[in-house]
Structure formats: C-alpha cells, structure tokens
Amino acid sequence: GAGVSQTPSNKVTEKGKYVELRCDPISGHTALYWYRQSLGQGPEFLIYFQGTGAADDSGLPNDRFFAVRPEGSVSTLKIQRTERGDSAVYLCASSLDSNNEQFFGPGTRLTVL
Amino acid sequence: EDQVTQSPEALRLQEGESSSLNCSYTVSGLRGLFWYRQDPGKGPEFLFTLYSAGEEKEKERLKATLTKKESFLHITAPKPEDSATYLCAVQAYHSGGGADGLTFGKGTHLIIQP
C-alpha cells in the first residue's frame with residue numbers, strides 16, 4: 001500500500017520568506033508527527049497530532065513554526081520568516097495511533113539561502 | 001530529559017564479519033525502544049520495537065535486544081546491502097496519558113565492504 005508522502009521533495013527559499021511543507025499520512029493512521037533532521041544528526045521531534053488536534057507541540061523551536069491538520073489526514077508545516085538555520089530535512093511520520101510504530105516519509109529538504 | 005547515545009558513530013566491517021551496535025538510553029517511563037534503518041536521502045525505515053527488558057526480536061541478519069539501560073542491534077554475517085545508518089529511538093509515556101514523540105540518537109553509520 002501507499003506509504004507516507006511528502007511534498008515538495010526539495011524547497012529552496014530566501015531568508016525571510018514563508019514556506020509550507022505538506023505531509024500525506026498512511027490512510028487510516030490517526031497519529032501524525034513532524035521531525036527535523038540536520039546533517040549527521042538523528043531526527044528531532046517537532047509536533048504530534050492525534051486526529052485534528054496538536055497533542056504535543058513542545059518540540060517547535062519558536063513561534064515562527066506552526067502546523068495544522070484540519071481534517072485529521074493531511075498536515076501542513078508552516079515556517080514564517082525563514083532563517084538560514086532552518087535549513088534541514090523535514091520528516092513526517094504516521095502511525096495507527098500513538099501506541100504503534102511510526103512510519104516515515106522521504107522528507108522535504110529545505111534550503112534557506 | 002530523555003537521552004539516547006549510540007556507539008560507535010561509524011563502523012566498517014568486512015562482508016560476513018558479525019558485530020553489534022549499542023544504544024544507551026535514559027527515559028522517564030519507557031513505552032518503547034525503536035530501531036530504524038536510514039539510507040542516504042531517504043526517511044527512516046522501521047525495523048523493530050522493544051517494550052521491556054529481556055525482550056528480543058529478529059529479522060533476517062538483524063537481532064535487537066533490550067536491557068533496562070541499553071539496547072543492542074546484532075548483525076550476523078552482514079552483506080554490503082546492510083550498509084546504512086542505524087538509528088535508535090525511545091518513546092516515553094506522555095504526562096497526558098498518550099505517548100511522546102520519539103527521541104533519537106545520532107545513529108551508527110555502518111559500512112559493509114565486499
């Protein structure tokens with residue numbers, strides 16, 4: 001079956017611009033997670049949705065980062081006033097619920113010039 | 001704060017040479033320990049979940065074990081296609097009753113030479 005998909009696969013933007021990254025989870029998965037991975041590091045947790053609500057957003061680095069999941073399926077990670085330090089691979093994962101293994105998408109590589 | 005430390009950072013083996021990767025962790029209330037494989041330019045691929053000390057799981061040439069402080073990923077007679085970065089992660093119980101996001105280690109970069 002179809003796995004987690006993320007678009008775009010690559011995004012290059014200029015410092016100060018706004019970007020949106022999209023995640024399509026596996027059908028039927030109620031839990032959705034966003035992570036950020038820098039070169040040579042493991043993924044770093046950002047935010048977790050159970051259904052439509054953000055159950056835990058403690059990993060968001062600051063108020064420039066925001067995520068939504070309005071219908072409990074597709075999620076969008078939004079970054080305002082991008083900075084060069086935001087450059088990383090943004091990974092999305094989904095699971096049946098929070099008590100099951102997470103399956104990751106291929107990621108979106110964000111480059112802020 | 002949950003912490004995961006993986007060692008070694010990198011490991012180069014000859015094809016057929018068995019070895020083990022280590023994952024040491026500290027967590028407030030372990031719900032599960034996870035092993036993932038990550039190939040360059042791709043997202044992590046799920047391998048195993050371990051829930052309690054003494055548990056073991058196997059898949060092909062890989063075997064994962066868990067104690068109260070660490071987990072090992074044993075690789076037996078590896079092949080070049082086993083080359084990848086292996087990531088260990090822990091998940092704690094959330095204060096609200098659910099489960100937290102995963103806390104990952106930096107990974108072990110494994111190279112198997114033919």
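Computed over heavy atoms, backbone and side chain alike; hydrogens, waters and symmetry mates excluded. So you know, we letter chains A, B, ... as the sequences are listed, proteins then strands, and number each from 1.
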Worksheet item: Tell me, side chain or backbone of B:Glu45 under 4.5 Å from chain A's heavy atoms, or both, or neither?
Response: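 Neither part.
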Practice prompt. Counting only heavy atoms closer than 4.5 Å, note whether B:Tyr36 contacts chain A via side chain, backbone, both or neither.
Written response: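 Side chain only.
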For residues [X] and [Y]: do they belong to one hydrophobic cluster (side chain heavy atoms under 4.5 Å, members Ile, Leu, Val, Met, Phe, Trp, Tyr)?
X       : Y        : answer
B:Leu30 : B:Leu50  : yes
B:Val4  : B:Leu66  : yes
A:Tyr35 : A:Val112 : no

Worksheet item: Which members of residues 103-114 of chain B, sorted by number, sit under 4.5 angstrom from chain A on a heavy-atom basis?
Response: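 Those residues of residues 103-114 of chain B which have a heavy atom under 4.5 Å from chain A are B:Phe104, B:Gly105, B:Lys106.
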Worksheet item: A:Thr76: what forms a side chain to side chain donor-acceptor pair (under 3.5 Å) with it, not counting sequence neighbours?
Response: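 Partners of A:Thr76 under the side chain to side chain donor-acceptor pair (under 3.5 Å) test: none.
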Worksheet item: Under 6.0 Å between ring centres, would you say that holds for B:Phe46 and A:Phe104?
Response: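 No.
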Nearest heavy-atom neighbours spanning [X] and [Y]:
X        : Y        : result
B:Arg31  : A:Asn100 : NH2-N, 3.9 Å
A:Tyr33  : B:Gln91  : OH-NE2, 3.9 Å
B:Leu87  : A:Gly42  : CD2-CA, 4.2 Å
B:Leu102 : A:Gln102 : CG-NE2, 3.5 Å

